[in-house]
Enquirer: 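Here it is: the structure, laid out below.
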Amino acid sequence: MPHDTPLISTIVGGIVLAFIFGAFAHRLRMPPLVGYLIAGVLVGPHTPGYVADQSLAPELAEIGVILLMFGVGLHFSLKDLLSVRGIAVPGAIVQIAFATLLGWGLGAFMGWSTGGSLVFGLALSVASTVVLLKALQERRLVETERGRIAVGWLIVEDLAMVLALVLIPAAASIGGEGHAPVEPLSAALSSLFGLDLGIGGMIAMTLVKVALFVALMLVFGRKLIPWTMHRIAHTGSRELFRLGVLAIALGVAFGAAKLFGVSLALGAFFAGMVLAESELSHRAAQESLPLRDAFAVLFFVSVGMLFDPNILIDKPLPILATIFIIVIGKSVAAFLIVLAFKKPLGTALTISASLGQIGEFSFILAALGVELGLLPEEGRDLILAGAIISIILNPLLFFLCDRMRPVLDGAKREDVVADPAPVADAIAAQEEMLPEDDEVHPTALSGHAILVGYGRVGSIVGQNLKSSATPFLVIEDSDKRIGELKAQGIETLSGNAVMRETLDLANLSGARSIAIAIPNAFEACRIIEQARSVNPSILIVARAHSDAEVDELKQYGADTVIMGEREIALGMVDRLAQVHHESVPYEDGHGPDTIMPTDDPPPERE
């Protein structure tokens with residue numbers, strides 16, 4: 001069997017180089033995706049050395065986009081999507097129109113045709129879902145209001161681009177600028193009945209197909225997909241369950257693209273959103289995570305392969321203008337649009353930073369424009385250069401927005417204090433002006449406990465701390481959980497405990513203990529490291545899922561690490577001992593899953 005096959009060499013070359021340069025970028029405190037893009041440039045046709053298969057890499061990357069959007073759908077319910085429609089739909093439409101106008105102006109200035117300039121503007125107007133989700137996941141913002149608005153905004157953009165992919169061939173035909181295929185259903189009706197539906201008919205056919213797909217998913221998919229996953233789960237085979245998750249994600253996406261003309265990403269998103277209504281959604285997300293991350297890396301590698309570094313020297317001014325439209329023009333427009341809808345300042349900054357880049361749909365539009373003879377190859381190169389540079393700059397844009405927010409908040413506070421109104425009215429106006437979920441204040445607690453995460457484990461810890469009258473606060477990033485905590489009168493800090501600023505607000509130096517209840521060992525290690533450096537005497541308790549994680553957490557400074565599987569086993573041993581040894585009484589005063597302490601010493605634990 002030959003080993004030098006294009007598929008194997010492309011996967012191996014892309015992943016190995018992505019790992020090397022991703023680790024190097026992380027070492028330099030840069031996002032790993034910068035290393036992935038550099039790896040793509042090195043295996044591309046424009047640099048010497050090994051060249052990966054240019055036709056296979058984008059197809060492998062598309063699998064990553066499908067799995068990533070499927071994961072988003074698992075965490076993004078229909079209720080969440082409808083809850084942000086009031087800002088996501090009009091905001092995305094206005095932002096697309098503004099960015100398209102800027103791109104059209106640059107294309108017209110460079111002497112391109114009207115159709116090519118519009119394609120160029122549309123390509124600059126739509127942000128990358130992959131890049132956005134990576135940024136939101138790193139900051140744990142996906143489940144917050146800001147994250148839902150950002151994801152909903154991009155879903156609207158993707159829907160608009162589906163329509164654009166139909167309009168672009170029509171524009172090429174009408175303008176006589178190139179050969180354009182016709183929408184299949186419109187062509188069939190024209191052939192059978194001799195009807196020329198024109199551009200209006202093409203738009204109507206596209207909207208009908210998209211609406212039909214959504215209706216089928218909401219009516220039949222909501223019952224069929226969860227039922228199928230439950231039947232697979234009842235077999236007890238983890239292998240079949242994992243395979244079923246992948247089959248649903250890839251199968252629905254492919255079927256939606258072939259039968260209804262919907263993009264692969266949107267098809268996968270709706271499949272995940274339907275499955276999210278099942279109680280197996282969390283397990284499905286965990287099973288698809290490894291493949292999702294691996295193929296998402298190949299997406300960035302494939303983008304880097306398309307980039308020709310020579311354009312940085314040949315066309316510096318057009319590149320600067322393109323980057324200005326993507327990073328500055330779109331971001332400022334989105335910022336003003338969100339503020340116009342009277343959303344919090346933090347939400348406006350997050351949305352503006354999220355949209356300051358372009359990605360996968362931009363590449364599709366650019367390729368279609370060149371294929372139809374609308375867009376010159378120079379325009380495609382500018383789009384690719386703008387995409388790579390904007391993706392590299394996007395983390396910096398998030399950093400600047402995080403730094404600008406306190407300054408802008410402070411300016412607003414000064415305006416409120418300067419108002420000659422009574423103090424009570426000024427405070428009320430200030431509270432009304434500040435965001436409900438985003439604004440955080442330093443705690444006044446001292447000698448307290450800090451609880452990081454309020455999920456299944458953290459909620460049990462928190463309720464016991466509350467019942468024992470122990471002063472404590474919770475650091476949480478989920479809007480839903482924060483609302484529940486506030487309703488219970490529990491002090492809460494909204495944010496990610498990995499960020500030093502969040503720990504400072506929790507008065508880490510004055511705390512007596514910190515319990516890290518999140519399951520992510522990597523983030524837990526960073527929290528432990530910072531906690532130990534600020535307060536060397538603080539008691540640190542963490543959780544782990546393996547002996548290796550226990551050793552790693554203790555190495556970073558944890559005093560006590562609880563491994564779930566071990567505690568479950570010891571609990572079972574305790575219960576068995578109470579049944580088989582009469583001298584060990586069993587008291588069940590707090591429910592079927594609670595074992596009360598007895599006078600007898602418990603078995604020795606590690």
Side-chain angles (χ1 to χ4, degrees), residues 15 18-36 64 67-68 71-72 74-75 130-131 133-144 147 282-283 285-297 300 395 398-399 402 450-458 461 474-478 481 493 495-504 506 508 514-534 538 540-566:
I15 290 181
F19 167 72
I20 294 174
F21 286 96
F24 187 69
H26 181 73
R27 185 74 175 176
L28 298 177
R29 298 184 180 276
M30 299 174 65
L33 64 88
V34 176
Y36 306 157
L67 295 177
L68 190 64
V72 175
L74 287 173
H75 295 91
V130 178
V131 176
L133 292 175
K134 281 288 184 182
L136 294 180
Q137 288 170 353
E138 288 176 358
R139 293 159 180 81
R140 302 180 71 176
L141 294 174
V142 175
E143 296 183 4
T144 64
H282 292 290
R283 182 179 172 187
Q286 293 176 354
E287 295 295 343
S288 62
L289 182 61
L291 277 177
R292 191 169 68 207
D293 289 343
F295 281 101
V297 168
F300 291 106
F398 268 99
F399 175 81
D402 291 339
I450 300 173
L451 176 57
V452 180
Y454 204 76
R456 290 179 297 176
V457 175
V461 177
V474 178
I475 299 177
E476 179 57 61
D477 58 7
S478 171
R481 292 173 184 165
L493 288 177
N496 189 348
V498 175
M499 306 298 293
R500 178 62 179 272
E501 295 83 356
T502 304
L503 291 176
D504 290 340
L508 186 61
I514 178 171
I516 305 172
I518 59 176
N520 190 320
F522 294 101
E523 292 187 358
C525 287
R526 295 180 62 185
I527 297 171
I528 292 171
E529 186 177 23
Q530 296 185 75
R532 187 61 71 197
S533 63
V534 173
I538 192 173
I540 302 177
V541 182
R543 60 180 288 195
H545 294 284
S546 65
D547 291 327
E549 288 186 0
V550 172
D551 295 338
E552 185 178 14
L553 292 168
K554 287 188 174 181
Q555 182 180 358
Y556 274 87
D559 295 296
T560 303
V561 180
I562 309 298
M563 190 170 75
E565 289 80 0
R566 181 181 299 153

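We count residues from 1, following the sequence as given.
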Enquirer: Distance from Asp504 atom CG to Gln530 atom CD, nearest 0.5 Å?
Expert: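 If we round to the nearest 0.5 Å, Asp504:CG and Gln530:CD are 8.5 Å apart.
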
Enquirer: If I compare all heavy atoms of Ile538 with all of Ala531, which pair ends up nearest, and what's the gap?
Expert: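 For Ile538 and Ala531, the tightest heavy-atom pair comes out as CG2-O, 4.1 Å.
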
Enquirer: Restricting to side chain to side chain contact (heavy atoms under 4.5 Å, CB included), what partner residues turn up for Asn520, sequence neighbours left out?
Expert: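 Per chain and number, Asn520 pairs via side chain to side chain contact (heavy atoms under 4.5 Å, CB included) with Phe522, Glu523.
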
Enquirer: Mind listing the closest non-hydrogen atom pair of Ala25 and Gly35 along with its distance?
Expert: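 Nearest heavy atoms, Ala25 then Gly35: CB-N, 3.9 Å.
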
Enquirer: Return the minimal non-hydrogen interatomic distance between Ile528 and Ala558, and the atom names on each side.
Expert: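 Between these two residues, the closest heavy atoms are CG2-N, 3.6 Å.
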
Enquirer: Report the C-alpha separation of Leu553 and Ile540 in whole Å, then their side-chain angles, then the decisive distance to 0.1 Å, and conclude whether the side chain to side chain contact (heavy atoms under 4.5 Å, CB included) test is met.
Expert: CA-CA 10 Å; Leu553 292 168; Ile540 302 177; over 6 Å; no

Enquirer: Between Thr502 and Ile475, does the side chain to side chain contact (heavy atoms under 4.5 Å, CB included) criterion hold? Intermediate values first, please.
Expert: CA-CA 8 Å; Thr502 304; Ile475 299 177; 3.7 Å; yes

Enquirer: Verify the neighbour count for atom OH of Tyr556: are there more than 12 heavy atoms of other residues, nucleotides or ligands below 6.0 Å?
Expert: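 Not buried by this count: 12 neighbours or fewer within 6.0 Å.
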
Enquirer: Might you work through the side chain to side chain contact (heavy atoms under 4.5 Å, CB included) test for Ile527 and Val498, ending with a clear yes or no?
Expert: CA-CA 5 Å; Ile527 297 171; Val498 175; 4.1 Å; yes

Enquirer: I need the minimum non-hydrogen distance between Gly458 and Leu451, along with the two atoms involved.
Expert: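 So the minimum-distance heavy-atom pair works out to O-CD2, 3.3 Å.
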
Enquirer: To the nearest 0.5 angstrom, please state how far the CG atom of Leu493 sits from the CD1 atom of Ile450.
Expert: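 With rounding to 0.5 Å, CG (Leu493) is 8.5 Å from CD1 (Ile450).
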
Enquirer: In chain order, what residues pass the side chain to side chain contact (heavy atoms under 4.5 Å, CB included) check against Glu549, with sequence neighbours excluded?
Expert: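 Side chain to side chain contact (heavy atoms under 4.5 Å, CB included) check on Glu549 returns Ala521, Ala544, His545, Ser546.
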
Enquirer: Identify the heavy atoms of Ile518 and Gly453 that sit nearest to each other, and give their distance.
Expert: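 Looking at all heavy atoms of both residues, the shortest contact is CG2-CA, 4.0 Å.
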
Enquirer: For Asp551, give me all partners under side chain to side chain donor-acceptor pair (under 3.5 Å), at least two apart in sequence or on another chain.
Expert: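 With neighbours one apart ignored, the set is empty.
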
Enquirer: Can you confirm whether Arg532 is buried at CZ, in the sense that more than 12 heavy atoms of other residues, nucleotides or ligands lie under 6.0 Å from that atom?
Expert: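 Yes, enclosed.
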
Enquirer: With rounding to the nearest 0.5 Å, note down the distance linking OG in Ser533 to CG in Leu508.
Expert: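 With rounding to 0.5 Å, OG (Ser533) is 8.0 Å from CG (Leu508).
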
Enquirer: Taking all heavy atoms of Ala497 and all of Val452, pick out the closest pair and write down the distance.
Expert: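 So the two residues come closest at CB-CG1, 3.6 Å.
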
Enquirer: Nearest 0.5 Å, please: how far is CZ in Phe19 from OH in Tyr36?
Expert: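 The OH atom of Tyr36 sits 9.5 Å away from the CZ atom of Phe19.
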
